[in-house]
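Right, one structure below, let's go through it.
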Number of protein chains: 2
Amino acid sequence: MARTPALDLVLLITVLLGEDMRRGLAAMGLTETRSHVLWLVGTTGPATQQQLAVETGLAPRSVTSVVDALVGSGLVERRPHPTDRRAVHVTPTPAGADLVAALVAGHERLADQLFGDLDDGAYAATHAALADVAARLQVLVAEEGS
Amino acid sequence: MARTPALDLVLLITVLLGEDMRRGLAAMGLTETRSHVLWLVGTTGPATQQQLAVETGLAPRSVTSVVDALVGSGLVERRPHPTDRRAVHVTPTPAGADLVAALVAGHERLADQLFGDLDDGAYAATHAALADVAARLQVLVAEEGS
DNA sequence: ACCTCATCGTGAGTGTGACTCACGGATAGG
DNA sequence: CCTATCCGTGAGTCACACTCACGATGAGGT
């Protein structure tokens with residue numbers, strides 16, 4: 001039996017979710033990349049640009065530009081790194097911390113809107129189905145890499 | 001109970017699938033937008049650029065550029081429109097048709113890799129869960145538009 | 001037949017976001 | 001202390017999307 005309908009649904013979800021997120025972020029004056037960096041420094045603490053490059057998969061030079069933009073918006077600061085004088089400690093400002101809190105809240109709200117009115121059994125089943133898809137996908141990506 | 005884990009899984013799937021698709025398409029010398037246009041003319045038949053703009057959500061001028069690129073790769077042709085001399089009939093070349101067939105085959109292969117070893121009951125459950133998520137998302141997007 | 005207005009595609013120019021290359025400043029190991 | 005390495009940035013490039021203006025064609029009313 002053909003399995004394409006399920007894949008088409010996943011693709012549809014991907015498109016819809018991507019558009020929705022982009023719109024929501026744009027309303028806060030953020031792009032996906034910028035929000036990714038802001039999210040990182042806001043949730044896992046200050047980081048060097050080098051670390052941010054690794055975690056986001058961006059080129060180090062590109063991180064400089066992203067951080068420039070976030071500094072320009074007053075969301076993060078470049079503070080001297082406590083131990084390494086070459087490096088920079090990208091730190092959220094109060095405004096940046098507030099925005100991260102809003103991002104987290106929006107994330108939880110979206111989760112609730114999507115899954116909130118499922119009873120626990122249905123939610124568990126959905127979660128299991130999604131985890132299964134994600135696991136298979138990760139296997140596939142790993143195989144292709146080899 | 002928190003519903004964020006399921007959303008996180010959806011997000012993870014989105015990212016993984018997006019990367020995988022981009023890599024696969026790049027291996028065939030295509031971008032997402034170009035493959036979208038090629039897919040349209042390859043599966044639903046020749047179209048005017050105007051129609052392609054509506055279906056892809058691109059600006060008409062951008063469709064011109066995309067079609068330029070596809071023509072440059074020898075995948076589509078600009079043929080005169082049978083009835084409207086202003087318009088252009090974007091038609092796949094034999095090479096383009098072959099590539100579309102490969103895209104379709106890849107699509108089916110991926111679906112099979114992700115869902116192939118589920119028995120029919122498990123597949124049906126997964127499909128239902130995905131359809132539910134997609135439906136909720138569409139409601140949400142529609143609400144936000146209003 | 002003609003005039004007007006809408007539509008199709010494209011030239012020209014712009015903006016954004018990513019990349020590479022080359023380089024100055026700082027660190028660490030022999 | 002000298003050399004190799006690492007951090008961040010200036011300069012330049014590329015891909016892709018957008019808007020604006022325009023010529024060519026089409027459609028409808030008088």
Side-chain angles (χ1 to χ4, degrees), chain A residues 15 18-19 21-41 45-73 75-91, chain B residues 15 18-19 21-41 45-73 75-91:
Chain A
V15 171
E19 280 175 10
M21 279 188 50
R22 256 183 295 277
R23 263 193 311 155
L25 290 174
M28 304 192 233
L30 287 174
T31 65
E32 279 178 292
T33 304
R34 299 217 249 266
S35 67
H36 191 179
V37 168
L38 180 61
W39 179 282
L40 287 174
V41 299
T48 68
Q49 297 190 180
Q50 192 57 225
Q51 292 173 314
L52 293 173
V54 171
E55 294 181 69
T56 58
L58 291 172
R61 183 58 182 87
S62 303
V63 174
T64 298
S65 301
V66 173
V67 172
D68 281 349
L70 290 172
V71 169
S73 309
L75 298 173
V76 305
E77 276 179 342
R78 272 193 252 251
R79 299 176 52 77
H81 191 281
T83 64
D84 190 337
R85 269 194 302 166
R86 293 171 301 178
V88 143
H89 225 203
V90 180
T91 314
Chain B
V15 170
E19 279 175 13
M21 279 187 49
R22 254 184 297 277
R23 262 193 312 155
L25 290 174
M28 304 190 230
L30 287 174
T31 65
E32 279 178 291
T33 303
R34 299 217 248 267
S35 67
H36 191 179
V37 168
L38 179 61
W39 179 281
L40 286 174
V41 300
T48 68
Q49 297 189 181
Q50 193 57 225
Q51 293 172 314
L52 293 173
V54 172
E55 294 180 70
T56 58
L58 291 172
R61 182 59 182 87
S62 303
V63 174
T64 298
S65 301
V66 173
V67 172
D68 280 349
L70 290 173
V71 169
S73 309
L75 298 172
V76 304
E77 276 178 342
R78 271 194 252 251
R79 299 176 51 77
H81 191 281
T83 64
D84 189 337
R85 270 194 299 166
R86 293 171 303 178
V88 142
H89 226 200
V90 180
T91 313

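Only this structure's heavy atoms are used, side chains among them; waters, hydrogens and symmetry mates stay out. Residue numbers begin at 1 in each chain, while the letters A, B, ... track the order of the sequences.
- Between the P atom of C:dG9 and the NE2 atom of B:His89 lies a distance of 10 Å, rounded to the nearest Å.
- When all heavy atoms are compared, the tightest approach of A:His89 to A:Pro80 is CB-O, 4.0 Å.
- Between the OG1 atom of A:Thr31 and the CZ atom of A:Arg22 there is a distance of 10.5 Å, given to the nearest 0.5 Å.
- Of all non-hydrogen atoms in A:Arg78 and A:Val67, the two that sit nearest each other are NH1-CG1, 3.4 Å.
- For the pair B:Gln50 and C:dC8, the criterion of a side-chain N or O lying under 4.0 Å from OP1 or OP2 is met.
- Taking the 5' to 3' direction, DNA chain D first and last meets chain B under 4.0 angstrom from a heavy atom at D:dC16 to D:dG26.
- Rounding to the nearest 0.5 Å gives a distance of 11.5 Å between CD of B:Gln50 and NE2 of B:His81.
- Atom CG of A:Leu70 is separated from atom OG of A:Ser65 by 11.0 Å, given to the nearest 0.5 angstrom.
- Within the model, atoms CD of B:Glu32 and OG1 of B:Thr56 stand 13.0 Å from one another, a figure rounded to the nearest 0.5 Å.
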- Trace of the side chain to side chain contact (heavy atoms under 4.5 Å, CB included) decision for A:Val41 with A:Leu52: CA-CA 8 Å; A:Val41 299; A:Leu52 293 173; 3.9 Å; yes
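- Using a 4.0 Å cutoff on non-hydrogen atoms, no part of residues 30-38 of chain A comes near DNA chain D.
- Residue B:Thr48 places none of its side-chain N or O atoms closer than 4.0 Å to OP1 or OP2 of C:dC8.
- Across all their heavy atoms, B:Gln49 and B:Thr64 have their closest contact at NE2-OG1, 3.1 Å.
- In this structure a side-chain-to-backbone donor-acceptor pair under 3.5 Å is missing from A:Ser73 to A:Leu75.
- Residues B:Thr48 and B:Ala87 come closest through the heavy atom pair CG2-CB, 4.0 Å.
- Side-chain nitrogen and oxygen atoms of B:Gln49 include at least one within less than 4.0 Å of the OP1 or OP2 phosphate oxygen of C:dT10.
- Of the residues in residues 75-88 of chain A, those placing a heavy atom less than 4.0 Å from an atom of DNA chain D are A:Arg78, A:Arg86, A:Ala87, A:Val88, in numerical order.
- OP1 or OP2 of C:dT10 has at least one side-chain nitrogen or oxygen of B:Thr64 nearer than 4.0 Å.
- Atoms CG and CE, on B:Leu25 and B:Met28 in that order, are 5.5 Å from each other to the nearest 0.5 Å.
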